[in-house]
Participant: 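Can you read through this structure? Questions will come right after.
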Amino acid sequence: IDYYDESPAAGVGTYLSDSPAYNTIELPSRLVPKTASFCCRITGDSMEPTYPKYCKVFVEARPMIESGEDGIFVYNGTSVFKRLLIDQKKGIMRLTSINPTGPTFEVGEGDDVYTVGKVVGIYVPEEMK
């Protein structure tokens, strides 16, 4: 599977280069979800405990995800890993952290945001367990 070297941050975000570098890594097929398009390493702890700092997540590339799903987003030029929450009644979209100490971004009119994909799995190497 393609593995991107630029890590989305579970915290405040990491700035993206114009063409992120990637490698192909080999993992047992039983570990890779069938819908996964690529994987990347997560930095930051705002999505803990569900996603430990430095774990790898599998991402299904798609332009939209549903409210309540976890995804990789580009938010004002930074790559972030967050849970999407949409309040239809109030017309508010938030990119939230699982860890209550992590940041939440309320998306406003002047913000530039797009979805890279939905997180469909996690890989925690043995040395991290």
Participant: Of Asp70, Val116, Thr115, which meets side chain to side chain contact (heavy atoms under 4.5 Å, CB included) against Ile65?
Facilitator: Thr115
Participant: Hey, could you give me the CG/CD1 distance between Leu85 and Ile92, rounded to the nearest 0.5 Å?
Facilitator: 11.5 Å
Participant: Please report the closest heavy-atom contact between Ile25 and Cys39, naming both atoms and the distance.
Facilitator: CD1-SG, 3.8 Å
Participant: If you look at every heavy atom in Arg41 and Tyr54, which pair is closest and at what distance?
Facilitator: NH1-CD2, 2.7 Å
Participant: Look at the rings of Phe58 and Tyr123 and say which category their plane angle falls in: under 30° parallel, 30 to 60° tilted, over 60° perpendicular.
Facilitator: tilted
Participant: Could you verify whether a donor N or O on one side chain and an acceptor N or O on the other, from Ser97 and Lys82, lie under 3.5 Å apart?
Facilitator: yes
Participant: Got Val113 and Phe105 here, is their nearest side-chain heavy-atom distance under 4.5 Å?
Facilitator: no
Participant: How long is the gap from CD1 on Ile1 to NZ on Lys56, to the nearest 0.5 Å?
Facilitator: 11.5 Å
Participant: Ignoring hydrogens and geometry, is there a side-chain-to-backbone donor-acceptor pair from Asp2 to Thr24 under 3.5 Å?
Facilitator: no
Participant: Between Ile72 and Ser79, what is the shortest heavy-atom contact and its length?
Facilitator: CG2-OG, 4.0 Å
Participant: Check whether Val74 and Met47 end up in the same hydrophobic cluster, where Ile, Leu, Val, Met, Phe, Trp and Tyr are linked by side-chain heavy atoms less than 4.5 Å apart.
Facilitator: yes
Participant: A side-chain contact here means heavy atoms from C-beta on lying under 4.5 Å apart; do Val80 and Tyr75 qualify?
Facilitator: yes
Participant: Applying the 4.5 Å side-chain criterion to the ILVMFWY set and letting contacts propagate, would Ile42 and Phe38 be lumped into a single cluster?
Facilitator: yes
Participant: If Ile, Leu, Val, Met, Phe, Trp and Tyr residues are connected whenever their side-chain heavy atoms lie under 4.5 Å apart, and connections chain through other members, are Val120 and Tyr3 in the same group?
Facilitator: yes
Participant: Could you pull out the closest heavy-atom pair between Ile98 and Pro49, with the gap in Å?
Facilitator: CG2-CD, 4.3 Å
Participant: Could you pull out the closest heavy-atom pair between Ala61 and Ser37, with the gap in Å?
Facilitator: N-OG, 2.9 Å
Participant: Any side-chain donor paired with an acceptor under 3.5 Å for Asn99 and Thr101?
Facilitator: yes
Participant: Please check: side-chain N/O of Asp45 versus main-chain N/O of Glu48, any donor-acceptor pairing under 3.5 Å?
Facilitator: no
Participant: Hey, could you give me the OG/CZ distance between Ser67 and Arg94, rounded to the nearest 0.5 Å?
Facilitator: 10.5 Å
Participant: May I ask whether Val124 and Val119 are part of the same hydrophobic cluster, defined by side-chain heavy atoms of I, L, V, M, F, W, Y residues being less than 4.5 angstrom apart, directly or through others?
Facilitator: yes
Participant: Any chance you could measure Gln88, atom CD, to Ile86, atom CD1, to the nearest 0.5 Å?
Facilitator: 6.0 Å
Participant: Give a yes or no on whether Met64 and Val59 share a hydrophobic cluster (residues Ile, Leu, Val, Met, Phe, Trp, Tyr; joining criterion: side-chain heavy atoms under 4.5 Å apart).
Facilitator: no
Participant: Mind checking side-chain contact (heavy atoms from CB on, under 4.5 Å) for Pro100 and listing every partner two or more places apart, or none if nothing turns up?
Facilitator: none
Participant: For Ile122 and Cys55, which heavy atoms make the closest approach, and how far apart are they?
Facilitator: CD1-SG, 3.8 Å
Participant: Got a donor-acceptor contact below 3.5 angstrom from the Glu69 side chain to the Leu84 backbone?
Facilitator: no
